[in-house]
Amino acid sequence: MASSPSVVLSSPPPTSKDGSRFIDSNYLQKQSHVPANFKWPEEDAASAQEELNAPVVDLEGFFNGDVVATENAAKLIRSSCLRHGFFQVTNHRVDADLIQLAYDHVDDFFNLPIEEKIKVQRRPGSPYGYSGAHMDRFSSNLPWKETFSFAFQDGPDKIVADYFKFTISKDFEQTGLVYQKYSEAMHSLSLSIMELLAIGLGVDRMLYREFFEDAVSIMRTNLYPTCQEPNLSLGTGPHCDPNALTILHQDLVGGLDVFVDNKWHKVRPVLGALVINIGDVFAALSNGIYRSCLHRAAVNSHKERRSLVFFMCPRADKVVKPAEELVCKSEGGTRKFPDFTWSDLLEFTQNHYRVNETTLENFTDWFLSANRSNFKPTHFKTSH
């Protein structure tokens, strides 16, 4: 990671009063050619040619208490998590009007002048705030997007609503209330998915629900502008999410790709569905039985894309360790990863490492290292 990245662009980006340069979607979509720092290796950016045939799990029976339907849903989820860690859900009981309202408010923030957006810029070591192409963190393989992230924890305090009202401005009070409700719906659905994951693994049904009830999660809005040379860049590079579970709602533009059977596959947007993928924390909780999903976001030249993402994360001090019965079921009957906390993993990904497909393995080496300050990764991505 570079602390003061230098970005080569076809024309100078906006400059703040302190001389820092910032890039947002408005600037990126005006670029006729992809700047050098936004170009990705060919093996990472190569277009997906096939669609992924992943299960679409109907949750209606689960919510109605239908035992057979619940078992069938858990089996579908288990099969996809053993293979690639990705599936979609329908009849999830998240109000379609609420989802649309959340999208209606996406542009309220992203349409602000860059000078206003950077007032809530992500601080070093924090996953929260505004980021334009992650220029504050990296100097190459920059993502063709801008993001806005904020914390959520279920409870009487409306931390999302207060964040928008008091950190941005009172003009965003209604936006904050919308995202408060949306985050609450995502948290509730995440806990339900946790039950199905537990059933599929053969552990106590309430094990993960109870573990994540006091989760401190991350809600994020993404905006991917159009790109005139989409085969050269990516909205998000290949990676596995470091958190436990991710719930994505993508608009109908499309652009999500998942890596399965040694090649990239497109994920066709399903009207009304929510995309679910397993992250590194849950892979560790399952002792590696369930796979963390390797995915990326492509860009296109004809229409900008938006998405809403909820990253479920355990409370910072919760110890992540697999149930003993899962260790016994694992190959060799041994632990794959050490006990750690979300705070440990977040420290690694925010200050020492750029997430990719081998984050969990390299984190394990770093975590167990006697000399973390001089840590060098030993696990590298496979060829794409």
Side-chain angles (χ1 to χ4, degrees), residues 51-94 185-213 215 217 240-250 256-261 265-295 309-314 320 322-323 325-327 329-331 336 360:
E51 286 191 4
L52 180 64
N53 183 24
V56 178
V57 183
D58 187 339
L59 298 182
E60 186 67 26
F62 166 80
F63 284 121
N64 288 336
D66 185 318
V67 176
V68 174
T70 297
E71 288 291 339
N72 288 338
K75 287 178 182 178
L76 275 176
I77 290 172
R78 175 181 172 82
S79 66
S80 65
C81 290
L82 289 172
R83 187 180 177 206
H84 46 61
F86 176 91
F87 56 97
Q88 300 195 57
V89 295
T90 56
N91 290 318
H92 40 66
R93 298 199 172 178
V94 179
M186 292 296 104
H187 176 77
S188 178
L189 176 59
S190 295
L191 294 180
S192 296
I193 298 295
M194 286 298 170
E195 288 188 46
L196 289 166
L197 291 171
I199 293 170
L201 283 168
V203 297
D204 184 274
R205 174 171 176 158
M206 302 304 288
L207 178 65
Y208 303 126
R209 170 181 274 275
E210 293 173 354
F211 184 83
F212 287 100
E213 278 182 337
S217 298
C240 297
D241 292 337
N243 55 293
L245 185 78
T246 301
I247 303 181
L248 165 76
H249 190 282
Q250 58 173 341
L256 176 64
D257 295 337
V258 172
F259 195 71
V260 183
D261 296 333
H265 293 73
K266 300 176 184 178
V267 176
R268 179 191 292 272
V270 176
L271 186 64
L274 289 167
V275 170
I276 314 290
N277 70 261
I278 298 298
D280 288 337
V281 165
F282 200 88
L285 282 172
S286 73
N287 203 39
I289 294 174
Y290 280 2
R291 301 190 61 172
S292 189
C293 176
L294 177 56
H295 59 288
V309 196
F310 184 81
F311 301 100
M312 172 161 264
C313 314
V320 176
E325 55 260 53
L326 296 182
V327 176
K329 292 178 182 178
S330 302
E331 185 178 348
K336 300 295 190 295
L360 192 53

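Start at 1 with the first residue, then count along the sequence. Treat the numbers as computed from the prediction; the structure is a model and nothing was measured.
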Taking all non-hydrogen atoms of both residues, which atom of [X] and which atom of [Y] are closest, and how far apart?
| X | Y | value |
| --- | --- | --- |
| A244 | M194 | CB-CE, 4.4 Å |
| K329 | I289 | CB-CD1, 4.4 Å |
| S286 | L326 | CA-CD1, 3.8 Å |
| C293 | G85 | CB-O, 3.5 Å |
| F62 | R205 | CE1-NH2, 3.3 Å |
| H187 | A215 | CE1-CB, 4.4 Å |

Hey, could you give me the [atom1]/[atom2] distance between [X] and [Y], rounded to the nearest 0.5 Å?
| X | Y | atom1 | atom2 | value |
| --- | --- | --- | --- | --- |
| L196 | L191 | CG | CG | 11.5 Å |
| R291 | L82 | CZ | CG | 9.5 Å |
| S292 | L360 | OG | CG | 7.5 Å |
| I278 | S80 | CD1 | OG | 7.5 Å |
| M186 | M312 | CE | CE | 11.0 Å |
| D204 | E195 | CG | CD | 10.0 Å |

Please examine the side chains of [Y] and [X], heavy atoms only from C-beta on, and report whether any two atoms are closer than 4.5 Å.
| X | Y | value |
| --- | --- | --- |
| E325 | L201 | no |
| L59 | I193 | yes |
| L256 | F86 | yes |
| P314 | V281 | yes |

Which side chain to side chain donor-acceptor pair (under 3.5 Å) pairs, counting each pair once, include a residue from residues 52-79, with sequence neighbours left out?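 Sorted result for residues 52-79: D58-N91, E60-N64, N64-R93.
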Between L76 and F87, is a side chain to side chain contact (heavy atoms under 4.5 Å, CB included) present by the stated rule, with each step listed? CA-CA 9 Å; L76 275 176; F87 56 97; over 6 Å; no
Quick test of your reading: applying ring-ring contact (aromatic ring centres under 6.0 Å, His included), list the pairs with at least one residue in residues 274-295, sequence neighbours left out, ordered by first then second residue. Y208-F282, H239-H295
With respect to Q88, which candidate in I276, V267, N277 satisfies the side chain to side chain contact (heavy atoms under 4.5 Å, CB included) definition?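 That would be V267; it is the only one of I276, V267, N277 passing the side chain to side chain contact (heavy atoms under 4.5 Å, CB included) with Q88.
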Step-by-step side chain to side chain contact (heavy atoms under 4.5 Å, CB included) determination, F310 to H249: CA-CA 9 Å; F310 184 81; H249 190 282; over 6 Å; no
Could you walk me through whether C81 and L197 pass the side chain to side chain contact (heavy atoms under 4.5 Å, CB included) check? CA-CA 9 Å; C81 290; L197 291 171; 4.0 Å; yes
Verdict with reasoning, S190 to F212, per side chain to side chain contact (heavy atoms under 4.5 Å, CB included): CA-CA 9 Å; S190 295; F212 287 100; over 6 Å; no
